Amino acid sequence: MAENPPAASLEAKSPFELRVHLGDGVPEQTVREALASGDLGFLHSFTTGSAVDGPGVRVVAWTTGCMWRCRYCHNPDTWRLTNGTPVSVTRAAEELGKYRHGLKVMGGGFTLSGGEPLMQHRFAAKLLAAAKGMGIHTTIETNGFYADRLSDAELETIDLVMLGIKTWDPARHTALTGMDNGPTLAFARRLAALRRPLWIRFVLVPGLTDDMDDLAKTAEFAAGLGNVERVEVLPFHQMGSFKWERLGLDYTLRDVAAATEEAVERACAVLRSAGLQAV
Ligand code: SF4
C-alpha cells in the first residue's frame, strides 16, 4: 500500500490508508494558532458511505492527533497531528455540504472521528456546529479525555456521542492506553446529567480486554447512566498492524488472534444481562 495517495486528496477509500507527514510544512506558530482558534484543522481524510460510524449512512472526517497510545490502535498514523492535511474549517464544511441532501434522504449524517477529535477541540466544535447548522445529524467518536474542553452549549450541537470505554480497571486501562480512564467516565456521567444520547464502543481484544468480570463493571456503570442507547462490541482485528510496522512502532499484539464471533456474543450477553442493548 502506498504511503500517501498520489494527490493526497482529502477523500480516502477507508481510514486504513496510511497517511504521514502531510502537514509537516505548516509552521509551528500556525499549528498553535490553528489549535487555539479552530479555523484550521488537520485531517487524515474524509470517507463517505460508512454504515458503522453512527446511525444510517455517514460521512466521516478522520482527524489526526491523539493523546492515547492504545496497544491495539488500528490507525497509529493518526497519532501525530501533522501527519494530517491542514484544512480550513470553511473548506471542511463545504466538503460536507456536498452531501447534506443525500445524508438527509438516507437518514444518515456526519461523524467526526480520529485519531482523537478533541485534540483539536476548537476545530471540532466549529465543524460540528457548521454541520448542525446545515441540518445534518452530528456524531462525535471520542475517548472523552478532553471533553471538558467542550461547553454544554457546544455539546448541544452534537446529536450523538460515541464514547470509547476501553476497560474498567484503572491500572489495566493505563497499561492498555497509557492514560487514566477517569475523564472518560466523568464525561459519560456529564452526558447522562445533560440527558444527551450516548453510544458506548468497546473493543474486544483476546487476552487483553476479554475479562468478563471487568466488562460486567463497565456494563453496570453504563446501565446506571440512563442515557446509553446501545453498546457496540468491536472485535479486534489485524487490519492496522501494517501501519505499526511501517511507522517503526513496537507492535505487541502481532500474535493476537482476531476476536471470534462467539467471544463477541459472550461479551454482548454480559452487557445485555445488565439491561443494555448490545450489538
Ligand atoms: S484513542 Fe483511538 S486513536 Fe487514540 S490510540 Fe486509542 S484507538 Fe488509537
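Just so you know, these numbers come straight off a predicted model, no measurement behind them. Counting starts at 1 for both ligands and their atoms, in listed order. Counting begins at 1 with the first residue of the sequence.
Salt-bridge formation is detected for the pair R172/D211: a Lys NZ or Arg NE/NH1/NH2 atom is positioned less than 4.0 Å from an Asp or Glu carboxylate oxygen.
Against a heavy-atom cut-off of under 4.0 Å, G115 is close to the following atoms of ligand 1: 3 (S). Below 4.0 Å from some heavy atom of W79 lie the following atoms of ligand 1, by number and element: 5 (S), 8 (Fe).
Here 1 is the count of protein N, O or S atoms positioned under 2.8 Å from atom 6 (Fe) of ligand 1, waters not counted.
At a cut-off of 3.5 Å, with distance as the only test, a side-chain donor of E116 or T142 sits close to an acceptor on the other residue.
Residues V233 and V279 are not in side-chain contact: their nearest non-hydrogen atoms beyond the backbone lie 4.5 Å or more apart. Side-chain atoms of F221 and V228, non-hydrogen and from C-beta on, never get closer than 4.5 Å to each other.
Every residue meeting the ring-ring contact (aromatic ring centres under 6.0 Å, His included) condition with Y251, not counting sequence neighbours, appears here in chain and number order: W244. Residues passing the ring-ring contact (aromatic ring centres under 6.0 Å, His included) test with H74 are H237, sequence neighbours excluded.
When hydrophobic side chains of Ile, Leu, Val, Met, Phe, Trp and Tyr are connected at separations under 4.5 Å, V31 ends up clustered with V26, L35, F42, L81.
A heavy-atom separation below 4.0 Å is not found between G114 and ligand 1.
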